[in-house]
Amino acid sequence: MKNKSYIGISFIVLIFGIWAVPKIVAKFQKSDLVEIGPVPSFKLTDQDNKTITDKDYLGKVYVVEFFFSTCPTICPKMNQNMLKLQKEFYGNPEFGIASITINPEYDTPQVLKEHAEHLGVKHYNWHFLTGDKDYIFNLAKEGFNLYAGENKSAKGGFEHSGLFALVDKEGKIRCRKDKYGNPILYYDGLDDKGVEAIKEDIKKLLEE
């Protein structure tokens, strides 16, 4: 009778191992996304007047954009595409968004709060960030290598990139490769294909 019990328990352990081991191995394997480098350190203020740093995002997969609330050109499209990401990952505590204004003199925490409410932002890890203008310009250009600057002849008075940066749970900027095997570096925040690509890659990073 005891032998039958041992055989039964061994069979259950074997089945559990066949089912669980591949999942455990996959959990500790890195995806095929390229590591570009560590995200630059930052310390800014969000729409609730709370200080937010890059350390607050550790343990989360998050997307970074540079925008401004009065932008008459590409920012509304970028914000709408961020809303698609919010919808896809709503309720996931390991997902976040950092929307950093390049017009901090106008985009105060109160203005950003109203902007977030107008957009319908609900995810508690979506922070609209403001701070010193020179600090933010340097963060964009030197930290993320994404262009941002003032230009009085440009619509809205500012010029900036429409790209999204993807950061993993360890604080490293990540991306996929193009068909030639080259890292794309950033994702097109204005294009549906770019949004679908970053959506797929966020899922990969959430599994790491």
Side-chain angles (χ1 to χ4, degrees), residues 16-42 44 46 52-67 74-75 77-100 116 119-129 139-140 143-148 160-208:
F16 178 77
I18 293 172
W19 174 80
V21 169
K23 293 181 181 297
I24 293 171
V25 170
K27 186 74 176 175
F28 289 97
Q29 280 182 334
K30 289 274 189 179
S31 71
D32 58 350
L33 300 180
V34 180
E35 289 185 10
I36 302 302
V39 72
S41 298
F42 61 83
L44 296 162
D46 77 356
I52 299 294
T53 75
D54 54 296
K55 305 296 185 297
D56 291 303
Y57 283 100
L58 286 176
K60 301 177 182 63
V61 177
Y62 66 105
V63 182
V64 179
E65 68 168 348
F66 289 88
F67 87 111
I74 64 174
C75 300
K77 179 69 173 177
M78 294 169 69
N79 285 165
Q80 288 302 314
N81 284 333
M82 283 295 192
L83 286 169
K84 292 179 182 176
L85 298 182
Q86 173 185 253
K87 183 179 180 182
E88 182 74 22
F89 301 103
Y90 184 71
N92 190 330
E94 294 185 335
F95 174 71
I97 297 173
S99 296
I100 304 172
L119 288 174
V121 170
K122 297 177 181 176
H123 201 295
Y124 40 83
N125 288 334
W126 188 345
H127 299 283
F128 286 80
L129 300 170
L139 177 65
F144 283 94
N145 200 27
L146 291 172
Y147 178 70
H160 63 100
S161 164
L163 298 174
F164 290 166
L166 177 60
V167 186
D168 69 13
K169 295 176 187 176
E170 297 176 351
K172 295 174 182 172
I173 300 173
R174 303 283 293 275
C175 72
R176 61 171 57 193
K177 295 177 182 177
D178 64 18
K179 62 182 180 181
Y180 303 109
N182 302 310
I184 65 168
L185 302 179
Y186 300 110
Y187 297 79
D188 190 341
L190 300 171
D191 181 73
D192 289 343
K193 290 182 179 176
V195 176
E196 286 304 311
I198 199 170
K199 197 184 292 182
E200 291 173 8
D201 293 349
I202 290 168
K203 291 176 183 176
K204 290 181 180 178
L205 293 181
L206 286 171
E207 289 296 317
E208 289 187 353

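Heads up: numbering here begins at 1 and tracks the sequence.
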Find the distance between [atom1] ([X]) and [atom2] ([Y]) and round it off to the nearest 0.5 Å.
| X | Y | atom1 | atom2 | result |
| --- | --- | --- | --- | --- |
| Ser41 | Asp54 | OG | CG | 4.5 Å |
| Ile36 | Leu166 | CD1 | CG | 10.0 Å |
| Trp126 | Tyr62 | CH2 | OH | 16.0 Å |
| Leu206 | Ile202 | CG | CD1 | 7.5 Å |
| Glu88 | Lys84 | CD | NZ | 11.5 Å |
| Met78 | Leu83 | CE | CG | 12.5 Å |

Taking the side chain as everything from C-beta on, heavy atoms only, tell me whether [X] gets closer than 4.5 Å to [Y].
| X | Y | result |
| --- | --- | --- |
| Val63 | Met82 | yes |
| Leu44 | Ile100 | yes |
| Ile74 | Lys77 | no |
| Val61 | Phe89 | no |
| Tyr57 | Lys169 | no |
| Leu58 | Glu170 | no |
| Glu35 | Ile173 | no |

Discussion item. Between Glu208 and Lys203, is the salt bridge (Lys or Arg N to Asp or Glu O under 4.0 Å) condition met? List the steps.
Written reply: CA-CA 9 Å; Glu208 289 187 353; Lys203 291 176 183 176; over 6 Å; no
Pair [X] + [Y]: basic N to acidic O under 4.0 Å:
| X | Y | result |
| --- | --- | --- |
| Asp32 | Arg174 | no |
| Lys60 | Glu94 | no |
| Glu196 | Lys193 | no |

Discussion item. Between Tyr147 and Phe66, is the ring centroid distance below 6.0 Å?
Written reply: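 No, they do not, as the ring centres are separated by 6.0 Å or more.
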Discussion item. Aromatic contact between Phe128 and Phe67, with the criterion being ring centroids under 6.0 Å apart: yes or no?
Written reply: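 Between Phe128 and Phe67, the centre distance is under 6.0 Å.
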Examine distances only and state if a side-chain atom of [X] and a backbone atom of [Y] form a donor-acceptor pair shorter than 3.5 Å.
| X | Y | result |
| --- | --- | --- |
| Asn125 | Pro93 | yes |
| Asp191 | Asp188 | no |
| Tyr186 | Ser161 | no |
| Arg176 | Ala197 | yes |

Practice prompt. Answer yes if the side chains of Glu65 and Asn81 hold a donor-acceptor pair under 3.5 Å, and no otherwise.
Written response: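 No, Asn81 and Glu65 have no side-chain donor paired with an acceptor closer than 3.5 Å.
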Practice prompt. Could you tell me how the ring of Phe95 sits relative to the ring of His123: parallel (under 30°), tilted (30 to 60°) or perpendicular (over 60°)?
Written response: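 Phe95 vs His123 ring planes: perpendicular.
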